[in-house]
K.L.:
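Here it is: the structure, laid out below.
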Amino acid sequence: VVTPQYPQADRRGQRKEIKEGVHIERWRPLAWYGNTAVLPQVLWRLGAFDIVHLHWPFPGTDFFIWLLKLFRWRTRLVVTYHMDLYRLNWRADFFKRIINRTTLPLIMHVADRVVFTNMDFARHSMAARFLPHLGSRAIEIPLGVDTKRFTPTSYKLQATSSILFI
């Protein structure tokens, strides 16, 4: 697993670790804004892998993933399309428009598979216009929980009222 090393979150400075058998590398971004990071090193560090799994959206790095796929076409690209970019403020709206017109089409055209949690979401997302082009490369994998690993614990409801927002 490769993820950005965000200065505001990774104060430990630990760049490599293993959690539950999974190797995690945190790469220093060239630039970042909020949860968005620019990781140009994907070009020279991911090329040796057989499969690159991109969790969309990944503004700032998505263009470099496209370049990687363009130059190392044997590397398979799987994209999990989690959500559309949305408008938080004028700056986010500006970048959303650029990404939806540039890197989204580029990534959708070179992806070997695009995974959606359900096809209804796919048909109503910004990626909907690419579904005819994707054909059988667009697949549905519903969200799920491994109930053998994650089980409810006994929880006693307190006398005070609670509201849970999801």
Side-chain angles (χ1 to χ4, degrees), residues 1-6 9-10 14-87 92 95-150 166:
V1 172
V2 173
T3 187
Q5 184 177 22
Y6 295 110
D10 295 321
Q14 191 171 359
R15 297 183 71 187
K16 291 184 179 184
E17 66 179 303
I18 300 174
K19 281 188 176 181
E20 297 182 24
V22 177
H23 293 260
I24 302 168
E25 286 191 33
R26 290 181 177 82
W27 293 353
R28 290 183 190 219
L30 178 66
W32 72 92
Y33 178 77
N35 290 332
T36 301
V38 179
L39 298 172
Q41 56 268 56
V42 300
L43 286 172
W44 60 88
R45 294 181 76 180
L46 291 184
F49 290 93
D50 297 325
I51 298 173
V52 172
H53 187 171
L54 172 66
H55 291 265
W56 182 270
F58 198 163
T61 299
D62 47 12
F63 178 74
F64 295 105
I65 295 288
W66 174 74
L67 284 175
L68 171 73
K69 180 63 177 169
L70 198 63
F71 293 113
R72 297 184 188 249
W73 54 271
R74 286 192 177 113
T75 300
R76 298 288 182 213
L77 176 60
V78 176
V79 178
T80 297
Y81 194 97
H82 289 286
M83 63 182 222
D84 290 331
L85 291 171
Y86 55 92
R87 180 182 179 175
F95 285 109
K96 176 189 86 166
R97 290 172 189 265
I98 290 173
I99 289 165
N100 285 340
R101 290 184 180 137
T102 57
T103 54
L104 177 60
L106 294 173
I107 291 290
M108 291 294 118
H109 281 91
V110 299
D112 294 290
R113 292 283 185 274
V114 180
V115 178
F116 296 93
T117 53
N118 66 63
M119 293 313 285
D120 184 56
F121 166 64
R123 286 186 293 275
H124 293 91
S125 71
M126 291 301 295
R129 67 185 193 255
F130 305 106
L131 290 176
H133 167 75
L134 289 168
S136 63
R137 293 182 298 138
I139 61 172
E140 176 181 352
I141 300 178
L143 298 174
V145 175
D146 181 354
T147 56
K148 290 183 175 82
R149 188 170 181 192
F150 300 99
I166 298 178

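Quick note: numbers below take in every heavy atom, side chains included, and nothing from hydrogens, waters or symmetry partners. Since this is a predicted model, take the numbers as computed values, not measurements.
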K.L.:
Check each of Leu104, Thr36, Leu67, Ile99 against Asp62 using the side chain to side chain contact (heavy atoms under 4.5 Å, CB included) test, and report the only one that passes.
P.N.:
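For Asp62, the side chain to side chain contact (heavy atoms under 4.5 Å, CB included) check succeeds only for Ile99.
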
K.L.:
Could you label the plane-to-plane angle of the Trp66 and Phe63 rings as parallel, tilted or perpendicular, counting under 30° as parallel and over 60° as perpendicular?
P.N.:
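Judged by the thresholds at 30° and 60°, the geometry between Trp66 and Phe63 is tilted.
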
K.L.:
Step by step, work out the side chain to side chain contact (heavy atoms under 4.5 Å, CB included) result for Leu131 and Phe116.
P.N.:
CA-CA 11 Å; Leu131 290 176; Phe116 296 93; 4.0 Å; yes

K.L.:
Would you find a donor on one side and an acceptor on the other, under 3.5 Å apart, between the side chain of Arg137 and the backbone of Ala111?
P.N.:
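A pair under 3.5 Å: yes.
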
K.L.:
Look at atom CG of Asp146 and say whether more than 12 heavy atoms of other residues, nucleotides or ligands are closer to it than 6.0 Å.
P.N.:
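Enclosed: over 12 neighbouring heavy atoms sit under 6.0 Å from CG of Asp146.
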
K.L.:
Taking all non-hydrogen atoms of both residues, which atom of Asn100 and which atom of Arg129 are closest, and how far apart?
P.N.:
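Closest heavy-atom pair between Asn100 and Arg129: O-NH2, 2.7 Å.
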
K.L.:
How are the rings of Tyr81 and Trp56 set relative to one another: parallel (under 30°), tilted (30 to 60°) or perpendicular (over 60°)?
P.N.:
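Parallel.
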
K.L.:
Can you confirm whether Met126 sits close enough to Leu85 that some side-chain heavy atom of one is under 4.5 Å from a side-chain heavy atom of the other?
P.N.:
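Sidechains of Leu85 and Met126: no contact.
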
K.L.:
Find out whether Ile107 and Phe58 are in side-chain contact, i.e. whether some heavy atom of one side chain is under 4.5 Å from a heavy atom of the other.
P.N.:
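With C-beta onward as the side chain, the pair stays apart.
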
K.L.:
Could you give the distance from OG1 (Thr80) to CG (Leu54), rounded to the nearest 0.5 Å?
P.N.:
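One finds 8.0 Å between OG1 of Thr80 and CG of Leu54.
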
K.L.:
Taking side chain as C-beta onward, heavy atoms only, is Phe121 less than 4.5 Å from Glu140?
P.N.:
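In short, these two side chains do not touch, never coming nearer than 4.5 Å.
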
K.L.:
Side chains of residues 38-48: which donor-acceptor pairs under 3.5 Å do they make with residues two or more places apart or in other chains?
P.N.:
residue: Gln41; atom: NE2; partner: Arg28; partner atom: O; Å: 3.0
residue: Arg45; atom: NH2; partner: Glu25; partner atom: OE1; Å: 3.2

